[in-house]
Amino acid sequence: MKKNICLGIALVAGCLVLAPQSAVADEVKSLRGNIDIEAPSLPPEVEELIPDQKPIKRDYVKQPPLIPHKIDGYTMNAHYNKCLSCHSWANYKLAGATKISPSHFVDRNGNELANLAPRRYFCTQCHVVQTDAVPLVENTFKPVPALQK
Amino acid sequence: MSDNSKGWWDRLRRPSTRFSVLGLLGIGFVGGLVALSGFLGELHATATESFCISCHEMRDNVYMEYKNTPHFSSKSGVRATCPDCHLARAFVPKVARKAAAVREVIHKVKGTIATREKFGNHRLEMAQRVWAEMKANDSRECRSCHDAKAMDYAKQSRRARLQHIRGDDQGLTCIDCHKGIAHQLPDMQQIDPSAVIGAQQ
């Protein structure tokens, strides 16, 4: 008799614990895909860089524009920033590039500097290159009418 | 007086009676070949990447940096080695460059660039020397692989196409625009102050 009660309690407890969990597991999909936690992730596909193109349309005002060209191997260290060899105000004309905007000369206290502000030195913090990767999640963002064609 | 009493100098000067002219020529020819092949062999042995990186100054600095660049590994697997970019193919400029390398041997002994820090301190000077050399010879070594006449601008990327046309118009050479393609650049404050953090314009 005692055994049966114990078994009953164990069963009920088991159901309580397991049921909601499996329901949740069905709903939530990890970005890793439906892979067992212990199992190794699938190796990511190699994404191709999109070849150099014209500037990419911006989706909102003050968006850091996406980088429309490849940047592999471009140096960005204390001695040199390759991006600026084309995008600085001294060089943009010869390179045929967009010049960095005045916002890039302002430090965090609002002072206008003579050269690029240190907080804007590492361009790829805000500007990113594009690959042919399929977005992991759907995005329904729409630009404001002023920016739509 | 017999011949024997003459000095050794006269003996050396006297034509041989034992060997024919042809024989002597043959000996001279073979001897010359041995010397020449030794010289050429030396020239050849010191014109390889493994020779360049046999000293740690090159291996730990420029070689390690070059390993991350498209001239070391690329989709097509064609590799440009140190001598491809730094040593002329033609004989005369090749020997001239080798003779100039005496300077490098002296600095090797003095340990001028023996550490990463020392290397960094001298990099600008060294890079400027390479740039000047390449500017002067119209980037000859680049062109031994990249023949500008064989370049199809239409197949190039947008930025490359526009800039190569401008380069042709303005008589620029490869190194004017392609600095730092194989190694890290030195501190560029003096070269392009607008591209370095904290530099005064």
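When reading the values below, keep in mind they use all heavy atoms of this one structure, side chains included, and skip hydrogens, waters and symmetry mates. First the proteins, then the strands, lettered A, B, ... as listed; each starts at 1.
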Just checking [X]: does its [atom1] atom have more than 12 heavy atoms from other residues, nucleotides or ligands closer to it than 6.0 angstrom?
X	atom1	value
Gln190(B)	CD	no
Arg103(B)	CZ	yes
Met151(B)	CE	yes
Glu117(B)	CD	no
Leu33(B)	CG	yes
Arg58(A)	CZ	no

Rounded at 0.5 Å granularity, tell me how far [atom1] in [X] sits from [atom2] in [Y].
X	Y	atom1	atom2	value
Lys70(A)	Ser157(B)	NZ	OG	6.5 Å
Gln184(B)	His79(A)	CD	NE2	7.5 Å
Thr75(A)	Met188(B)	OG1	CE	9.0 Å

Q: Tell me, for Arg158(B) versus chain A, whether the close heavy atoms (under 4.5 Å) come from the side chain, the backbone, both or neither.
A: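 Contact with chain A is through both the backbone and side chain of Arg158(B).
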
Q. Chain A heavy atoms under 4.5 Å from Pro70(B): which part of the residue, side chain, backbone, both or neither?
A.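 Neither; nothing under 4.5 Å.
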
Q.
Looking only at heavy atoms and a cut-off of under 4.5 Å, which of His69(A), His87(A), Gln53(A) has the most pairs with chain B?
A.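 Of His69(A), His87(A), Gln53(A), His69(A) has the most heavy-atom pairs under 4.5 Å with chain B.
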
Q. Do the side chain of Arg159(B) and the main chain of Ala95(A) share a donor and acceptor less than 3.5 angstrom apart?
A.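 Side chain of Arg159(B) to backbone of Ala95(A): no pair is present.
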
Q. If only atom types and distance count, is the side chain of Gln163(B) paired as donor or acceptor with the main-chain N or O of Leu94(A) below 3.5 Å?
A.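 Confirmed, Gln163(B) side chain pairs with Leu94(A) backbone.
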
Side chain, backbone, both or neither: which part of [X] has a non-hydrogen atom closer than 4.5 Å to chain B?
X	result
Tyr121(A)	side chain
Pro118(A)	both
Tyr92(A)	neither

Q | Residue pair Ala195(B) / Ser85(A): nearest heavy atoms and the distance that separates them | A |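 Taking Ala195(B) first and Ser85(A) second, the nearest heavy atoms are CB-N, 4.1 Å.
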
Q: Taking all heavy atoms of Asp192(B) and all of Asn91(A), pick out the closest pair and write down the distance.
A: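 Looks like OD2-ND2, 2.8 Å.
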
Q.
If the condition is side-chain hydrogen bond (donor to acceptor under 3.5 Å, both in side chains), which residues does Asn77(A) pass it with, not counting sequence neighbours?
A.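 Result, side-chain hydrogen bond (donor to acceptor under 3.5 Å, both in side chains) vs Asn77(A): none returned.
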
Q | Heavy-atom side-chain proximity of Leu185(B) to Lys82(A) below 4.5 angstrom | A |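 No, too far: nothing below the 4.5 Å cut-off.
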
